[in-house]
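Letters go in sequence order (proteins before strands), and every chain restarts at 1. All of these numbers come straight from a predicted model, not from anything done at the bench. Quick note: numbers below take in every heavy atom, side chains included, and nothing from hydrogens, waters or symmetry partners.
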Amino acid sequence: MFYNFKKIEKKWQKVWDKEAAFSARPSPDKKKYYLLEMFPYPSGKIHMGHVRNYTIGDVAARFKRIEGCNVMHPMGFDAFGQPAENAAIKNKTKPGAWTRKCIQEMETELRKMGFSYDWKREVSTCESGYYKWNQWIFLKMFERGLAYKKASGVNWCPSCQTTLANEEVIDGGCWRCHTKVEQKDLEQWYLKITEYKERLLEDLTQLKNWPERVLAMQANWIGRSQGVEIYFKLKDSDMVIPVFTTRPDTIFGATYIVLAPEHPLVKGLIQGKPQEKEVLKFMDKVSKENKLARASANVKKEGIFTGSFAVNPVNNEVISIWIADYVLMEYGTGAIMAVPTHDQRDFLFAREHGLSMRIVIQSTEYRVEKPEDLTEAYEGDGLQVNSGQFDGLPNQEAKKKISRWMEKEGMGKIKVNWRLRDWLISRQRYWGTPIPIIYCPQCGVVPVPYKDLPVKLPKDAPFTGEGGSPLGKVKKFLEVKCPKCGLKARRETDTMATFFDSAWYFLRFCSPKYQEAPFDKKEAAYWMPVDQYIGGIEHAILHLLYARFFTKFFKDLGLVDFSEPFNCLLTQGMVLKDGEVMSKSKGNIVDPDSMIKRFGADTLRLFILFAAPPGTELEWDEWGLVGANKFLNRVWRVQENLKEKAEPALVKVLHKTIKKVTEDFSEFKFNTAIASLMELTNAIYQSSADKEVFSKLVIMLSPITPHFSEELWQALGNKESIFKAEWPVYDSKMLAEETVTIVIQVNGKVRSKIDVPNDIDEAKLKELVLADAKLAPWIQNKPLKNFILVPKKLVNIVL
RNA sequence: GCGGGGGUGGCGGAAUGGCAGACGCGCAGGCCUCAGAAGCCUGUGUCGCAAGACAUGAGGGUUCAACUCCCUCCUCCCGCACCA
């Protein structure tokens with residue numbers, strides 16, 4: 001007998017839909033539980049990654065619901081973005097029409113998986129009812145100086161014809177199309193995320209239930225480093241060059257200074273010097289170099305002497321000033337003090353150019369007398385030498401003392417440097433939220449008044465893929481009266497990066513139709529923060545950092561009273577096939593829809609949870625799917641053979657299973673939960689289940705295989721949905737065994753096992769163990785040295 | 001280089017100081033069957049006829065007892081990276 005998954009799945013999906021079975025509203029007497037999975041970009045088809053992500057989430061949602069929580073489990077679409085525009089160019093359609101069609105198709109596929117979403121809360125970021133609030137948030141930020149426009153060198157993707165945030169540049173390429181990113185000088189809109197850098201870093205410690213690696217990646221990205229900004233005066237002028245260092249303990253070993261080629265002081269330094277021409281040539285050469293090539297480590301460090309000299313403030317030594325490509329303008333002050341003996345980069349550069357070196361830190365393990373004896377820089381800890389009054393101190397201690405001393409003497413300033421840059425959000429594309437700004441010849445940059453929101457995207461824009469943003473070609477959109485003075489003005493034609501949209505969608509789900517603000521404060525106060533967030537590791541930096549930033553901003557606006565949006569985070573592993581990530585380009589995609597057709601959604605859900613724990617990679621295995629299906633059919637057949645009363649031994653197994661499954665579900669250990677449900681099923685096959693045992697098995701399966709379980713539940717004579725049933729509770733009395741098996745080891749090796757009464761006392765047990773005939777050859781007549789007893793488990797006889 | 005996570009049968013994986021390999025896939029054998037890519041049952045780490053020995057990337061240590069804790073090393077994956 002096979003169960004008819006096609007019929008069953010369709011039937012229950014219809015019922016749940018009709019009854020809006022999973023819609024959630026605040027309730028005072030139940031514990032709220034907000035479960036969220038990262039919403040998808042509506043490409044039109046779901047892939048296995050979605051299936052895995054949403055299955056994990058759905059099982060958790062259904063489990064929490066049946067455990068008695070008030071669960072909110074919404075779904076929506078991250079619907080703005082470039083693919084829609086590319087499709088429009090290619091297929092001569094409109095991005096809006098294309099996107100809405102994709103959303104519909106995708107929704108159909110999600111419904112086929114039986115996910116228990118509250119579809120009444122569905123949001124789509126491309127609808128003006130949503131992006132109006134993007135504009136509202138932008139204006140609030142603009143008012144507070146957190147959204148600003150500036151001209152600077154930006155990352156430019158020549159293929160997508162748009163700018164990219166730092167976070168969107170992966171290995172020097174565009175995150176979307178992998179095209180090599182170029183540098184371009186443009187005036188662009190930024191969000192001042194750096195204003196929140198301290199809080200973004202500090203609050204990471206609050207996130208106890210986030211994976212270690214995500215926390216590490218975020219901390220790394222924010223990149224706080226503590227050090228000193230040291231002022232180097234020029235030898236023959238009052239000009240000062242500030243440098244940043246995290247190693248003030250090595251200042252006495254600084255034997256030259258290096259500036260980035262783009263450093264603004266360079267021109268003044270070389271003016272009139274014999275080196276001027278050469279240096280200019282070098283600067284020109286470096287500026288033409290690809291940033292990626294320049295950044296790739298271990299390339300030869302090229303540089304040139306400027307002809308100028310500076311003075312080391314701690315010892316008044318006159319040192320030469322260089323420029324070199326290994327110093328970056330973007331970090332610190334764009335200038336460094338070089339300590340070749342204690343920094344490998346400086347060491348290589350100094351050797352290349354014959355610059356002098358001085359050892360200022362001696363390892364306590366070995367001594368190097370002369371810098372010429374060094375084969376590489378010594379970057380470890382040790383004792384200060386050649387460092388004036390600091391000689392003999394451990395360098396870590398000297399670091400603090402020198403910092404304070406320099407600050408007191410006015411030679412420098414203790415400073416913290418950050419890696420995090422402001423977030424570039426403007427995109428020269430059509431399919432995104434219009435930035436609500438007007439440029440007036442008289443008033444300058446004028447924000448669109450709140451009452452005029454939303455600034456709607458014009459429906460008909462030309463999509464050619466050439467000649468800049470399509471919005472710039474729509475007169476009706478472009479030409480506008482200045483809201484301040486009424487003069488003819490021009491709208492901003494850039495749109496917002498889509499990461500803006502997803503930085504707060506979890507709040508919109510709390511009140512998706514709310515008209516007064518991005519979200520209803522009261523609803524958000526009830527549902528937020530998200531109790532469990534689930535999504536891919538690829539969002540570890542971008543999306544999660546932006547969402548944290550927005551939440552803190554909302555807190556500052558007084559809209560929420562928490563500062564972190566996601567309490568627990570689960571990053572699910574990738575789905576692989578033949579050891580490689582499933583991807584279109586590799587041609588190793590398995591289409592979920594075809595699997596649903598062959599095996600049913602329940603089988604697919606079961607397999608994907610059973611094959612690996614949620615956090616690790618999952619190797620696709622069609623045989624595994626067959627096995628999952630086999631198991632369900634095995635459970636299905638149990639109903640044909642129910643007894644009046646189950647054997648006590650089976651009831652015991654049931655209670656053990658309840659305990660294990662309940663614990664495993666709470667910890668997202670679905671693979672082992674399923675294993676124990678399989679064991680219970682095997683035990684049923686060894687004897688026979690009664691209605692009670694079988695009902696409980698079916699309930700425990702219901703979060704994983706909802707349609708299948710609902711059908712069996714009904715067949716058992718229940719009128720109400722299985723999701724209104726009660727989660728089984730185990731009886732700890734049932735777990736207690738009358739006899740236990742004691743493993744007997746001799747010198748740590750298992751030699752025998754005996755069954756003894758559960759409540760046996762120690763002396764009696766010892767007597768029984770030592771009388772065990774099987775042990776005789778091992779014990780012989782050797783004296784007993786030790787007798788280790790682990791109650792109810794094991795003894796170890798040490799001879 | 002820095003940071004994070006791994007390495008266990010033919011395969012996915014289980015066990016976080018106490019019987020290594022639960023559960024499943026695959027494979028082998030049996031039963032049932034006109035038939036089986038169905039179902040049910042049994043077996044399945046390696047060597048060995050067996051007793052037993054060996055076995056969780058390698059080596060060392062702590063312990064009565066180590067996949068689990070500590071040290072050294074190898075190796076794979078991911079993130080950041082000339083960040084001063």
Before giving the answer on side-chain contact (heavy atoms from CB on, under 4.5 Å), spell out for A:Ile402 and A:Met411 the whole-Å C-alpha distance, their side-chain angles and the decisive distance to 0.1 Å. CA-CA 10 Å; A:Ile402 291 175; A:Met411 300 171 191; over 6 Å; no
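- A:Gly627 comes within contact range of the sugar-phosphate backbone alone, with a heavy-atom separation under 4.0 Å but no base atom that close.
- Atom C1' of B:C80 sits at a distance of 25 Å from the matching atom of B:C73, rounded to the whole Å.
- Distance A:Phe631 CZ to B:A38 C1': 18 Å, rounded to the nearest Å.
- OP1 and OP2 of B:C83 both lie 4.0 Å or more from every side-chain N or O belonging to A:Arg224.
- Listed by residue number, there are no residues of residues 569-581 of chain A with a heavy-atom contact under 4.0 Å to RNA chain B.
- Atom NZ of A:Lys652 has more than 12 neighbouring heavy atoms from other residues, nucleotides or ligands inside a 6.0 Å radius.
- Residues meeting the ring pair (Phe, Tyr, Trp, His ring centres under 6.0 Å) test with A:Phe665, sequence neighbours left out: A:Phe63, A:Phe670, A:Trp727.
- Judged purely by distance below 3.5 Å, without hydrogens or angles, the side chains of A:Thr739 and A:Asp755 never pair a donor atom with an acceptor atom.
- In this structure, A:Arg419 places its CZ atom 17 Å from P of B:C2, rounding to the nearest Å.
- For the atom pair CD (A:Gln218) and CH2 (A:Trp221), the distance works out to 11.0 Å, reported to the nearest 0.5 Å.
- The nearest heavy atom of RNA chain B to A:Ala335 and to A:Lys749 marks one nucleotide each, and the one closer to the 5' end goes with A:Lys749.
- Sparse packing is recorded around CE of A:Met574, with 12 or fewer heavy atoms of other residues, nucleotides or ligands lying under 6.0 Å away.
- Paired runs in RNA chain B that reach 3 or more consecutive Watson-Crick or G-U pairs, where each pair keeps both distances under 3.5 Å, cover B:1-7 with B:74-80, B:10-12 with B:23-25, B:26-31 with B:39-44, B:45-47 with B:52-54, B:57-61 with B:69-73.
- Between the side chain of A:Thr333 and the backbone N or O of A:Pro242, at least one donor-acceptor pair lies under 3.5 Å.
- Nucleotides B:C47 and B:A37 have their C1' atoms positioned 35 Å apart, rounded to a whole Å.
- Atom CD in A:Glu622 sits roughly 17 Å away from atom P in B:A37 (whole-Å rounding).
- Base contact: A:Asn220 has a heavy atom under 4.0 Å from a base atom.
- Regarding A:Glu379, its CD atom lies at a distance of 15 Å from the P atom of B:C82, rounded to whole Å.
- Among A:Val228, A:Thr245, A:Ile230, the one residue that satisfies the side chain to side chain contact (heavy atoms under 4.5 Å, CB included) test with A:Ile251 is A:Ile230.
- Atom name P, nucleotides B:C64 and B:G13: the rounded distance is 36 Å, in whole Å.
- Taking atom P on both nucleotides, B:A55 is separated from B:G9 by 14 Å, rounded to a whole Å.
- Where A:Val169 and A:Gly332 meet RNA chain B, the nucleotide closest to each residue was compared, and A:Val169 sits on the side nearer the 5' end.
- B:U62 and B:U68: their C1' atoms are spaced 13 Å apart (whole Å).
- As rounded to whole Å, 11 Å separates atom P of B:A84 from atom CD1 of A:Ile336.
- Straight-line distance between the C1' atoms of B:G4 and B:C54: roughly 35 Å, to the nearest whole Å.
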With sugar-phosphate taken as primed atoms, P, OP1 and OP2 and all else as base, the protein-contact string of nucleotides 12-22 of chain B at under 4.0 Å (heavy atoms; B, S, -) is BSS---BB--B
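- Distance check on atom C1': B:G5 versus B:C82 gives 26 Å, rounded to whole Å.
- Under a cut-off of 6.0 angstrom, the local environment of CD in A:Glu762 is sparse, with at most 12 non-hydrogen atoms contributed by other residues, nucleotides or ligands.
- Annotation: side chain of A:Ile336 is not in contact with side chain of A:Asp343 (no heavy-atom distance under 4.5 Å).
- Residue-environment remark: NZ (A:Lys643) exceeds the threshold of 12 foreign heavy atoms within 6.0 Å.
- In summary, A:Glu302 and A:Lys285 engage in a salt bridge, as defined by a charged side-chain N under 4.0 Å from a carboxylate O.
- Nucleotide B:C2 holds its C1' atom 14 Å from the CG atom of A:Asp343, rounded to whole Å.
- By the 30° and 60° cut-offs, the orientation of the rings of A:Tyr3 relative to A:Phe5 is perpendicular.
- Atom P of nucleotide B:A84 and atom OH of A:Tyr326 are separated by 13 Å, given to the nearest angstrom.
- For the C1' atoms, the distance linking B:C19 with B:A14 amounts to 14 Å, nearest Å.
- Contacts classified as salt bridge (Lys or Arg N to Asp or Glu O under 4.0 Å) and involving residues 614-624 of chain A (residues at least two apart or in different chains) are given here: A:Arg598-A:Glu622.
- Note: A:Trp322 and A:Phe305 have tilted aromatic rings, judged against thresholds of 30 and 60 degrees for the angle between ring planes.
- A:Arg751 comes within contact range of the sugar-phosphate backbone alone, with a heavy-atom separation under 4.0 Å but no base atom that close.
- One interatomic measurement links the two molecules: CD of A:Glu212 to C1' of B:G79, which rounds to 14 Å at whole-angstrom precision.
- With a glycosidic angle no more than 90° from 0, B:G9 adopts the syn conformation.
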Contact list (N/O, under 3.5 angstrom) for nucleotides 39-44 of chain B vs protein:
| unit_1 | atom_1 | unit_2 | atom_2 | d |
| --- | --- | --- | --- | --- |
| B:G39 | O3' | A:Arg637 | NH2 | 3.1 |
| B:C40 | OP1 | A:Arg634 | NH1 | 2.7 |
| B:C40 | OP1 | A:Arg637 | NH2 | 3.3 |

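- In this structure, the ring of A:Trp423 has its center no less than 6.0 angstrom from the ring center of A:Phe499.
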